[in-house]
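To start, the structure under review is shown below, and the notes come after it.
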Amino acid sequence: LRKNVEDFTGPRERSDLGFVTFDITADILNGKNAFIFDWNVKQLFLYLSAEYSTKNNALNQVVLWDKIMLRGDNPRLFLKDMKSKYFFFDDGNGLKGNRNVTLTLSWNVVPNAGILPLVTGSGHVSVPFPDTYETTKSY
Amino acid sequence: GSAMDLFGDLRRMNKRQLYYQVLNFAMIVSSALMIWKGLIVITGSESPIVVVLSGSMEPAFHRGDLLFLTNFHDDPIRAGEIVVFKVEGRDIPIVHRVIKIHEKENGNIKFLTKGDNNEVDDRGLYKEGQNWLEKKDVVGRARGFLPYVGMVTIIMNDYPKFKYALLAVMGAYVLLKRES
């Protein structure tokens, strides 16, 4: 699982807003190292989440992007230059200069019937946010 | 015809047999209630089984699907989890996904939810002026699911005549059932 990111923070009234672009290359496998879609997997809800700590909050998690994969879709992801789907607002100004923002890809397995597990993919990427705000970059 | 046989049966039953059947019926109802209460205790959720009422989590869940919940106090709320919550002052449980959490060192957490099938997050559903949900709003976390099975309760809600007919049939069956 590999992700490459480019990022900058933009000023908003009260809270930091982060902008992240990323690539994802991933094979979604099950616990037995086989491709995830089997007879009891109806779909996957994939999401990319950013996890970090700030002065205000010991733990923050923000979902930046998600995708629904149905049985029959290709379990190998090869996405480039993706922009986050949702606004990456912090609860405060904890993104500026934050060197320890970790991006992880996880998925919720939806069976035809049965348990709903939440799985975190192996491999994650750290995104260091810059110390200054960008005012002119267009997104 | 069988309707005439039923009435014949009723008239011929003496009082003792009738009391016996009523007790049988009461026992079945008590056992069902005990099982339900037991589930509430085991799962920690006030409502361990819920029926999905809307299409806001499609294509994962459809109206009529059944969800099994747990609500253990020490289970942390994390992004990506499917939670069932109630907005303060409203009775309807909503099943959506957690998309944002901000948790303080002491464990106080505030979080935002969104239905997979909705364009926007749930802030429009929360109370006036409320921007976040808290642990106290959570009824439970979705751990398992069965499709279609909950349709029965939706039909009973939308068509009360069907509910009364079903109860009448069940009541008649239990009262008239013979134990050999």
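Residue numbering restarts at 1 for every chain, and letters A, B, ... go by the order of the sequence lines. The structure presented is a predicted model; accordingly, all values stated were derived computationally and were not measured.
Per-residue counts of heavy-atom pairs under 4.5 Å with chain B were compared for A:D66, A:I68, A:N112; the largest is that of A:N112. Annotation: maximal heavy-atom pairing with chain B below 4.5 Å, among A:L64, A:L59, A:L70, A:V63, occurs at A:L59. For chain A, the option among B:R97, B:K114, B:K110, B:E81 with the highest count of heavy-atom pairs below 4.5 Å is B:R97.
With a 6.0 Å radius and a threshold of 12 heavy atoms from other residues, nucleotides or ligands, B:I155 has its CD1 atom above the threshold. The environment of CD in B:Q130 is crowded: more than 12 heavy-atom neighbours from other residues, nucleotides or ligands sit within 6.0 Å. Enclosure of atom CZ in B:F72 by more than 12 non-hydrogen atoms of other residues, nucleotides or ligands within 6.0 angstrom is indicated. Other residues, nucleotides and ligands place no more than 12 heavy atoms under 6.0 Å from the NZ atom of B:K161. Within 6.0 Å of CG in B:L33 there are more than 12 heavy atoms belonging to other residues, nucleotides or ligands.
Side-chain contact between A:Y86 and B:I99: absent, with no pair of heavy atoms (C-beta onward) separated by less than 4.5 Å.
B:I49 and B:V52 are assigned to two separate hydrophobic clusters, defined by single-linkage of ILVMFWY side chains at heavy-atom distances under 4.5 Å. Residues B:I109 and A:L118 are members of one and the same hydrophobic cluster, defined by side-chain heavy-atom contacts under 4.5 angstrom among Ile, Leu, Val, Met, Phe, Trp and Tyr. Residues B:V152 and B:L53 fall into different hydrophobic clusters, defined by Ile, Leu, Val, Met, Phe, Trp and Tyr side chains chained together at heavy-atom separations under 4.5 Å. Residues A:L77 and A:V125 are members of one and the same hydrophobic cluster, defined by side-chain heavy-atom contacts under 4.5 angstrom among Ile, Leu, Val, Met, Phe, Trp and Tyr. When hydrophobic clusters are built by joining Ile, Leu, Val, Met, Phe, Trp and Tyr residues whose side-chain heavy atoms come closer than 4.5 Å, directly or via intermediates, B:V83 is grouped together with B:I101.
Proximity to chain A (any heavy atom under 4.5 Å) is restricted, for B:L67, to the side chain, taken from C-beta onward. At a 4.5 Å heavy-atom cutoff, B:V149 makes no contact with chain A through either its backbone or its side chain. Proximity to chain B (any heavy atom under 4.5 Å) is restricted, for A:V110, to the side chain, taken from C-beta onward. Looking at B:L112, there are no atoms closer than 4.5 Å to chain A (heavy atoms on both sides), in backbone or side chain. Heavy-atom distances place no part of A:F88 under 4.5 Å from chain B, backbone and side chain included. Using a 4.5 Å cut-off between heavy atoms, B:R78 contacts chain A through both its backbone and its side chain. Contacts of A:P117 with chain B are absent, with no heavy-atom separation under 4.5 Å from either backbone or side chain.
Closest of all the heavy-atom pairs between A:Q43 and B:A60 is OE1-N, 3.1 Å.
With rounding to the nearest 0.5 Å, the separation of CG in A:L116 from CD1 in B:I82 is 5.5 Å. The NZ atom of B:K100 sits 7.0 Å away from atom CG of A:D90, with the distance rounded to the nearest 0.5 Å. Atom-to-atom distance recorded for A:F87:CZ and B:D121:CG is 11.0 Å, nearest 0.5 angstrom.
When each of A:T54, A:D91, A:N60 is paired with B:H102, the side-chain hydrogen bond (donor to acceptor under 3.5 Å, both in side chains) condition holds for A:N60 and for no other.
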